[in-house]
Amino acid sequence: QVQLVESGGGLVQPGGSLRLSCAASGSIFSLYDMGWYRQAPGKQRELVAVITSGGVINYAASVKGRFTISRDNAKNTVSLQMNSLKPEDTAVYYCNAQRLSGGTMIGRTWGPGTQVTVSS
């Protein structure tokens, strides 16, 4: 129902900033909850931040105060501004779109991911 493509990853020094973007197509973007996840080598994928279709935002404790998630429904995009980056933020970052209705998931899609490397 929806296709996602991430961009903006790269190499940054500790304390630096990056802005990730996720472009969506193929569905009604405004109806989806959007999230950013990340996965480091040898570790499980974890939720970084989510913004619902209604604009409710939640962050992982490890990124609160440093990362900001936002969405632009007119442009079908969701972004993740990452400041004060740490080496432990190094991971592949994935965009996620999800829809639920009456407790049933009716749509879920992952992007291919973008690499973020914070050097030390």
Distance from S27 atom OG to Q3 atom CD, nearest 0.5 Å?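 Answer rounded to 0.5 Å: 8.5 Å.
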Consider only side-chain heavy atoms of I, L, V, M, F, W and Y, link residues closer than 4.5 Å, and tell whether L20 and Y94 are in one cluster.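 No, L20 does not connect to Y94 through the hydrophobic network.
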Determine whether more than 12 heavy atoms belonging to other residues, nucleotides or ligands lie under 6.0 Å from atom CD1 of I28.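 Counting neighbours around CD1 of I28, 12 or fewer heavy atoms of other residues, nucleotides or ligands fall under 6.0 Å, so no.
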Got a donor-acceptor contact below 3.5 angstrom from the T77 side chain to the A23 backbone?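 No: the side chain of T77 does not pair with the backbone of A23.
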Is there a continuous path of hydrophobic side-chain contacts, each under 4.5 Å between heavy atoms, that joins I69 to F67?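 Yes, one cluster joins them.
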Any non-hydrogen side-chain atom of P14 less than 4.5 Å from a side-chain atom of S119?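 Side chain of P14 against side chain of S119, heavy atoms only: contact under 4.5 Å found.
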Is there a continuous path of hydrophobic side-chain contacts, each under 4.5 Å between heavy atoms, that joins Y59 to V78? yes
Apply side-chain contact (heavy atoms from CB on, under 4.5 Å) to the pair Q81 and S70, showing each step before the final yes or no. CA-CA 8 Å; Q81 178 66 45; S70 62; over 6 Å; no
With rounding to the nearest 0.5 angstrom, report the CE to OG distance, M34 to S53.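 Answer rounded to 0.5 Å: 11.0 Å.
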Would you say the side-chain atoms of E46 pair up with the backbone N or O of R38, donor to acceptor, closer than 3.5 Å? no
How many angstroms lie between atom CG of L80 and atom OG1 of T68, to the nearest 0.5 angstrom?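 Interatomic distance, L80 CG to T68 OG1, rounded to 0.5 Å: 8.0 Å.
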Mind checking what makes salt bridge (Lys or Arg N to Asp or Glu O under 4.0 Å) contact with R66, not counting sequence neighbours? D89
Do the ring planes of W110 and Y37 sit parallel (below 30°), tilted (30 to 60°) or perpendicular (above 60°)? perpendicular
Is T109 reaching over with its side chain to a backbone N or O of V2, donor-acceptor style, under 3.5 angstrom?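 Present.
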Do W36 and L85 belong together in a cluster built from hydrophobic side chains that touch within less than 4.5 Å? yes
Hey, mind stepping through V118 and E88 against side-chain contact (heavy atoms from CB on, under 4.5 Å) and telling me if it holds? CA-CA 8 Å; V118 184; E88 52 263 45; over 6 Å; no
With a cut-off of under 6.0 Å to the ring centre and 45° to the axis, is R71 in cation-pi contact with Y32? no
Do V63 and I57 share a hydrophobic cluster (ILVMFWY, side-chain heavy atoms under 4.5 Å, transitive)?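 Shared cluster, yes.
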